[in-house]
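Residue indices begin at 1 and follow the sequence shown.
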Amino acid sequence: LGSCPFADTHDKVASFSDSGGQPGIIRIAGNNAEALHQTALDITSRYDVSELVNSILKRAVELLEAKGGGIYLLDEAGTSIKTAAISNLPENFVGKKLGIDEGVIGQVIKRRTVFFVPDYQSWPHRLRQYDPYNFTAVAGAPITWQDKVWGVITIHDNVEGRTFSS
């Protein structure tokens, strides 16, 4: 398989701070090795992409103790992005296409790096379809493999004072 297309994503979204302070960062850091090992096992043993992206997303949300998230994959032409997996959002979001310049996802693709929005409800470029879910903080990271962006993983929360950082 070569390099894991999801390995770069995990460490870049794996720290956070909230109104509770530093213990969350330390606890998550301690779980990184096991989570990365389990993710590697998933990648090498699962042949169904849907099952794989759902497993990776579930693990990321749990590690960050977040409300939910999404995995969005670029089409082969790199002109649109499709929702491949969601956590704690309506299932009918899966399969929806988005422009590659929309919201946090668009910023991650454009910058090819992690992007954080600490106050999502006030951010003028937010995706309005998510307004009913009252996201407070959102983080996104590119899914890269062999120097190509294949998609984006996002994590969101709706707890006041919650932020994500690198």
Thr136 (side chain) donor-acceptor with Asp157 (main chain) under 3.5 angstrom: yes
Is there side-chain contact between Lys110 and Val108, with heavy atoms separated by less than 4.5 Å? no
Indicate, with yes or no, if Ile109 and Tyr130 share a hydrophobic cluster defined by side-chain heavy-atom contacts under 4.5 Å among Ile, Leu, Val, Met, Phe, Trp and Tyr. yes
Between Val152 and Ile143, does the side chain to side chain contact (heavy atoms under 4.5 Å, CB included) criterion hold? Intermediate values first, please. CA-CA 5 Å; Val152 175; Ile143 299 169; 5.7 Å; no
Nearest-0.5 Å distance, CZ of residue Arg126 to CG of residue Asp119: 9.0 Å
Would you tell me whether Asp75 and Ser80 have side-chain atoms, one donor and one acceptor, within less than 3.5 Å of each other? yes
With heavy-atom distances below 4.5 Å as the criterion, would you say the side chains of Gln129 and Leu98 are in contact? yes
Return yes if some donor-acceptor pair links the side-chain N/O of Thr154 with the main-chain N/O of Gly70 below 3.5 Å, else return no. yes
Taking the ring of Phe116 and the ring of Phe164, is the distance between their centroids below 6.0 Å? no
Hey, quick one: are Val138 and Val61 part of the same hydrophobic cluster, counting side-chain heavy atoms closer than 4.5 Å, chains of contacts allowed? no
Whether the side chain of Arg162 engages the backbone of Ala137 through a donor-acceptor N/O pair (distance < 3.5 Å, no angle test) should be reported. no
Step by step, would you call Val104 with Tyr120 a side chain to side chain contact (heavy atoms under 4.5 Å, CB included)? CA-CA 9 Å; Val104 168; Tyr120 193 78; 3.9 Å; yes
Test Ile81 against Ile105 for side chain to side chain contact (heavy atoms under 4.5 Å, CB included), laying out the working first. CA-CA 9 Å; Ile81 197 155; Ile105 301 156; 3.6 Å; yes
Closest contact, heavy atoms only, Ala84 versus Val94: O-CG1, 3.9 Å
Aromatic contact, Tyr72 with Phe93 (centres under 6.0 Å): no
Quick one: does Trp150's side chain have a donor or acceptor within less than 3.5 Å of a partner on Trp145's backbone? yes
Test item: Glu65 side-chain N/O and Glu62 main-chain N/O as donor-acceptor pair under 3.5 Å: no
Between Ala60 and Ile155 the two heavy atoms that sit nearest each other are CB-CD1, 3.9 Å
CG on Leu63 to NZ on Lys58, rounded to 0.5 Å: 11.5 Å
For Asn88, what residues pass the side-chain contact (heavy atoms from CB on, under 4.5 Å) criterion, not counting sequence neighbours? Lys67
If you look at every heavy atom in Gly99 and Glu102, which pair is closest and at what distance? N-OE2, 2.5 Å
Taking all heavy atoms of Ala66 and all of His156, pick out the closest pair and write down the distance. CB-O, 3.4 Å
Side-chain touch Val149/Leu74, heavy atoms, less than 4.5 angstrom: yes
Would you compute the distance between atom CD1 of Ile71 and atom CG of Asn54 and round it to the nearest 0.5 angstrom? 7.5 Å
Going by the angle between their ring planes, with limits at 30° and 60°, are Phe115 and Trp123 parallel, tilted or perpendicular? tilted
Working to the nearest 0.5 angstrom, can you tell me the gap between Ile56 CD1 and Glu51 CD? 11.0 Å
Distance-only, no hydrogens or angles: does the Arg112 side chain make a donor-acceptor pair with backbone N or O of Asp147 under 3.5 Å? yes
All heavy atoms of Lys82 vs all of Gly95, minimum pair found to be CG-O, 3.5 Å
Evaluate the criterion side chain to side chain contact (heavy atoms under 4.5 Å, CB included) for residue pair Gln107 and Val117; output intermediate values, then yes/no. CA-CA 10 Å; Gln107 291 297 314; Val117 180; over 6 Å; no
Minimal non-hydrogen separation, Val53 against Ala85, with atom names: CG2-CB, 3.7 Å
